[in-house]
**Q** 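Sharing a structure with you now.
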Amino acid sequence: MKQILQNLGSGVTSLTDVPAPRAGRGQLLIRTSRSLISAGTERMLVDFGKAGWIDKARQQPDKVRQVLEKMRTDGVVATVDAVRSKLDQPIALGYCNVGRVMDVGVGVDGFTAGDRVASNGNHAEVVAIPRNLCARIPDAVSDEAAAFTVIGAIGLQGIRLADPKLGECVAVFGLGLIGLLTVQMLRAQGCRVLGIDIDPARLDLARTFGAEVINPAAGEDVLGRAAEFSRGAGVDAVLITAASKSNDIVAQAAQMSRKRGRIVLIGVVGLNLSRADFYEKELSFQVSCSYGPGRYDPRYEAGGQDYPIGFVRWTEQRNFEAVLDLMASGAIDVAPLISHRFDLADTEQAFALLTSDEPSLGIMLRYAEDAEADARVALRSVPVTKALSSDVTENPGVAFLGAGNYAGRVLMPAFRAGGARMRTAVSGGGFSAVHFARKHGFDQASTDQDAVLSDPGVDAVVIATRHDVHARQVLAALRAGKHVFCEKPLCLSLEELAEIEDEASTRPGQALMVGFNRRFAPLIVKAEALLRPISAPKAMIMTVNAGAIPADHWTQDPAIGGGRIIGEACHFIDLLRFFARAPIETVRAMPLGRPEQRSACPDSATIQLGFADGSTGTIHYLANGDRRFPKERLELFAGGKILRLDNFRLLEGWGFGGFGRKRSWKQDKGQQACARAFLDAIRGGGASPIPLADIVEVSRASIEAAALLRE
């Protein structure tokens, strides 16, 4: 299928062949008939992409600070590589989609195949969208009109926050698509509306919708006209739908408002507010969040958990429905808002128009009714036969389940450098799989996991998906007869671990590996060689300055990410197990803070390990430090000698005679060596580089530590 993607590094917008998505749990699979280009948002993204590095930095000063901090801790090379990789990844454009339901995922009710729906889907021939971000289209509303649903919901949410009453006077700054739809909805609510813009054509449209208008560019006195419009009392509310860097709009909004008036920001403008303007009138100022309640809440959007209507009357989905109802009743007329129509094949012309000086408003994209929805895109003409990897000793065929940033930036290059035959990259949405598949020389990209597992050209599967599906995918790959490399963690529960252990134990000819790469890092290998002759117990201290991440991030969700102890601290449990060379006998864990101060998944904690040889390990996994401090420090004390490793860049020793210091010119955490060791094991038909017993032991200790912290 075809999808519109944009490269943030170059600003190039392209129509790309990508594998069609499938209807996941709680999703609708929709064949698109129309989509609307959002002039403001999409022009902003295109302009950002075309900007140079300096301009990009000026637009995102917070990101610049993060880059500088990463340079101090990880080095220039690693930082530049990470930034380039991030900017090289494409993003899917569009969020105003209309089409017919092709399929419904598990857990979806209220929709059936054949329904016409509006959603926030991208510009793509087929999209998979969570049910709460879709709304059924009334028969009286055309596909072209319904394509304005999401844009209308943005304006409607701003209106709901302003809470205008029948007969009140409301000013709307900015008469683009959102502004003109907002004018119509305010008029439908019985408000008197004053539209403000510098484009005469848009002012004429607002006038036809029943608004009075002002053109500041024509020298008209905005504040004087607003005072006249409000009969000297000041406007009751101001909705700002404009896009401008100027602070003048907010200042004028405050000055034209009545005492205790309301100002709602829907667009993007300068926010250097004058305290006097707001203080003297006790004005209310609020920023509106997109389509309404539920936006950016993963439990509502991805999880399908609706808000009870008795407590949250208007959600994203119910705002979509309200806009469609207004269209069906004739209260909203979008026909005058469509300035251009293009077939999807003419995407280049459509986006050239968007960034040109030619006037435009609503740019509509039309889609073919018989568009293909293949779940696979072939990038090289290679027959799917076992001949692809008949000589496993040379180039094992590898498929990736998951094509996120870490997989594409780190794991795929590591496996390619290790001599793997890059067979298939799989992702849920498809476009990231295509991007990285092209970049790293895969034969094909896909959204079909089952096809990968039945592909005779695949010898090994790399699992780099979200943590909650790792166990299920590991078991499926093992049962399909594939070698398995699972990016940590292996699983989230002891029940899953027991099932994986049983399955792997019956398949000694198949390698099962977890991406515990740190034990393969060059400086770790050097440290282990220095300690190998020492038989005395070791005291090991691992300090991890993990840094804070939001509590609502998916990794913090016990059901999806399992928490950071299972998801990342497992790395350090494995590392200490590697140095101890003895089984873990005891696991203790203590969270930071009093019980009422802790989250559901504590991510600042101390974990203590006791080993069978008398060695001890302490892991301080902390999210409350300063990011400028090195992220990882390891200290080892044994037999009168000491080693200290700082951030995988500097290893120092005391008491070793001929060894004092070794520095790496760039940070190397062992990912490439880890992948090569796994591939070498497949080639040689030997055991996994990390014994199954160690993998199970470390996974169990991680799960037990997380459970202790939650309790």
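All figures in this text were calculated on a predicted structure; none of them were measured in a lab.
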**Q** Taking atom types as modelled, is there a side-chain donor on Asn319 or Arg160 under 3.5 Å from an acceptor on the other?
**A**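 Note: Asn319 and Arg160 side chains meet the donor-acceptor criterion.
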
**Q** Count the heavy atoms of every other residue, nucleotide or ligand shown that sit under 6.0 Å from CZ of Arg313, and state whether that count exceeds 12.
**A**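 Correct, the count exceeds 12.
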
**Q** If only side-chain N and O atoms count, and only distance matters, is there a donor-acceptor pair under 3.5 Å linking Arg299 with Gln305?
**A** no

**Q** Are Glu144 and Arg341 side-chain neighbours, meaning at least one heavy-atom pair lies under 4.5 Å?
**A**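 Answer yes - side chains close enough.
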
**Q** Would you please say whether a donor-acceptor pair under 3.5 Å links the side chains of Ser427 and Ser432?
**A**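 Yes - a donor-acceptor pair under 3.5 Å links their side chains.
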
**Q** Give a yes or no on whether the backbone of Gly294 and the side-chain of Thr315 come within a donor-acceptor separation of less than 3.5 Å.
**A**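 Flag not set: sc Thr315 to bb Gly294 has no pair under 3.5 Å.
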
**Q** Considering only heavy atoms from C-beta outward, does the side chain of Leu28 approach that of Ser119 to under 4.5 Å?
**A** no

**Q** Out of the candidates Arg116, Arg366, Arg100, only one should pair with Asp143 under the side-chain hydrogen bond (donor to acceptor under 3.5 Å, both in side chains) rule; please name it.
**A** Arg116

**Q** Nearest 0.5 Å please: distance from the OH atom of Tyr367 over to the CG atom of Asp343.
**A** 11.0 Å

**Q** Using a distance-only test with no angle check, is there a side-chain donor-acceptor pair under 3.5 angstrom linking Tyr307 and Asp297?
**A** yes

**Q** In plain terms, say whether Arg262 and Glu168 are close enough for a salt bridge, that is, a side-chain N and a carboxylate O under 4.0 Å apart.
**A** yes

**Q** Are side-chain N/O atoms of His123 and Ser35 paired as donor and acceptor at under 3.5 Å?
**A**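 Yes, a side-chain donor-acceptor pair sits under 3.5 Å.
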
**Q** Between the side chain of Asn247 and the main-chain N/O of Leu271, is any donor-acceptor distance below 3.5 Å?
**A**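 Yes; judged by distance alone, with no hydrogens or angles, the pair exists.
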
**Q** For Phe342 and Met364: C-alpha separation, side-chain torsions, deciding distance, then whether side-chain contact (heavy atoms from CB on, under 4.5 Å) applies.
**A** CA-CA 6 Å; Phe342 293 92; Met364 188 68 63; over 6 Å; no

**Q** Do Phe229 and Arg192 come close enough that some side-chain heavy atom pair is under 4.5 Å?
**A** yes

**Q** Kindly say whether Arg225 contributes a backbone atom to a donor-acceptor pair with the side chain of Glu228 at under 3.5 angstrom?
**A**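 Judged by distance alone, no pair lies under 3.5 Å.
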
**Q** Which heavy atom of Cys96 sits nearest to which heavy atom of Ala147, and what is that distance?
**A**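 Smallest heavy-atom distance, with atoms named: CB-O, 3.3 Å.
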
**Q** Does Asp448 use its side chain to pair, donor to acceptor, with the backbone of Asp450 at less than 3.5 Å?
**A** yes

**Q** A cation-pi test, strictly: NZ or CZ of Arg136 under 6.0 Å from the centre of the six-membered ring of Phe111 and no more than 45 degrees from its axis. Yes or no?
**A** yes

**Q** Which atom pair, heavy atoms only, marks the closest approach of Glu125 to Leu344?
**A** CG-CD2, 3.7 Å

**Q** Just by distance, no angles: are the side chains of Ser244 and Ser246 close enough, under 3.5 Å, to form a donor-acceptor pair?
**A**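 No, Ser246 and Ser244 have no side-chain donor paired with an acceptor closer than 3.5 Å.
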
**Q** Please report the C-alpha distance between Leu186 and Leu239 in whole Å, then the side-chain angles of each, then the deciding distance to 0.1 Å, and finally whether the side-chain contact (heavy atoms from CB on, under 4.5 Å) criterion is met.
**A** CA-CA 10 Å; Leu186 287 168; Leu239 297 177; 3.9 Å; yes

**Q** Any side-chain heavy-atom pair from Leu166 and Gln189 closer than 4.5 angstrom?
**A** no

**Q** Check whether Asp197 reaches the backbone of Arg202 with its side chain - one donor and one acceptor, N or O, closer than 3.5 Å.
**A**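 Here the side-chain-to-backbone pair does not exist.
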
**Q** Quick one, Phe442 and Val434 - any side-chain contact, counting heavy atoms below 4.5 Å?
**A** no

**Q** Show the nearest heavy-atom pair for residues Ala171 and Met256, with the distance to one decimal.
**A**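 What the structure gives for the nearest pair is CB-SD, 3.8 Å.
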
**Q** After noting the C-alpha distance and the side-chain angles of Ile240 and Val238, does the key distance pass the side-chain contact (heavy atoms from CB on, under 4.5 Å) rule?
**A** CA-CA 6 Å; Ile240 302 174; Val238 180; 4.1 Å; yes

**Q** Ignoring hydrogens and angles, tell me if any N or O in the side chain of Asn122 forms a donor-acceptor pair with the backbone of Ala124 under 3.5 Å.
**A**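 Not at all, since once roles are kept as given, no pair shorter than 3.5 Å links the two residues.
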
**Q** Are Val101 and Leu29 packed together at the side-chain level, in the sense that at least one heavy-atom pair is separated by less than 4.5 angstrom?
**A**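 Answer no - side chains too far apart.
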
**Q** Under the criterion side-chain contact (heavy atoms from CB on, under 4.5 Å), I'd like the reasoning laid out for Thr13 against Glu348: C-alpha separation, chi angles, the key distance, then a yes or no.
**A** CA-CA 7 Å; Thr13 303; Glu348 186 176 337; over 6 Å; no

**Q** About how many Å separate CZ of Arg258 and OG of Ser230, when rounded to the nearest 0.5 Å?
**A** 10.5 Å

**Q** I need the Asn215 CG to Leu203 CG distance, nearest 0.5 Å.
**A** 5.0 Å

**Q** Provide the closest heavy-atom pair for Val323 versus Gly152 in the form atom of the first, atom of the second, distance.
**A** CG2-C, 3.7 Å

**Q** Main chain of Ala276, side chain of Lys281: is a donor-acceptor contact present, judged purely on distance under 3.5 Å?
**A** no

**Q** In plain terms, say whether Asp306 and Arg318 are close enough for a salt bridge, that is, a side-chain N and a carboxylate O under 4.0 Å apart.
**A** yes

**Q** Flag the pair Leu175 / Thr182 as yes when at least one side-chain heavy-atom distance between them is below 4.5 Å, and no otherwise.
**A**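 No - every pair of side-chain heavy atoms lies 4.5 Å or more apart.
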
**Q** Taking NZ, NE, NH1 and NH2 as the nitrogens, is one of them in Asp17 or Lys2 under 4.0 Å from a carboxylate oxygen of the other?
**A**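 Judged by the 4.0 Å cut-off on N to carboxylate O distance, Asp17 and Lys2 do form a salt bridge.
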
**Q** For Arg25, does the CZ atom sit with more than 12 other heavy atoms under 6.0 Å from it, leaving out its own atoms?
**A** no

**Q** Quick one: does Ser339's side chain have a donor or acceptor within less than 3.5 Å of a partner on Leu361's backbone?
**A** yes

**Q** What I'd like to find out is whether the side chain of Val334 reaches to under 4.5 Å of the side chain of Met327, using heavy atoms alone.
**A** yes

**Q** Tell me whether Glu220 at atom CD has more than 12 heavy atoms from other residues, nucleotides or ligands lying less than 6.0 Å away.
**A** yes

**Q** Checking the side chain of Ser14 only, and the main-chain atoms of Thr16 only, is there a donor and an acceptor separated by less than 3.5 Å?
**A**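 Not a single qualifying donor-acceptor pair exists.
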
**Q** What closest approach, in Å, do Leu15 and Thr347 show between heavy atoms, and which atom pair accounts for it?
**A** CD1-OG1, 3.9 Å

**Q** Quick one: closest heavy-atom pair of Ala322 and Trp314, and the distance?
**A**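 Looking at all heavy atoms of both residues, the closest pair is CB-CZ3, 3.9 Å.
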
**Q** Give a yes or no on whether the backbone of Asp277 and the side-chain of Gln255 come within a donor-acceptor separation of less than 3.5 Å.
**A** no

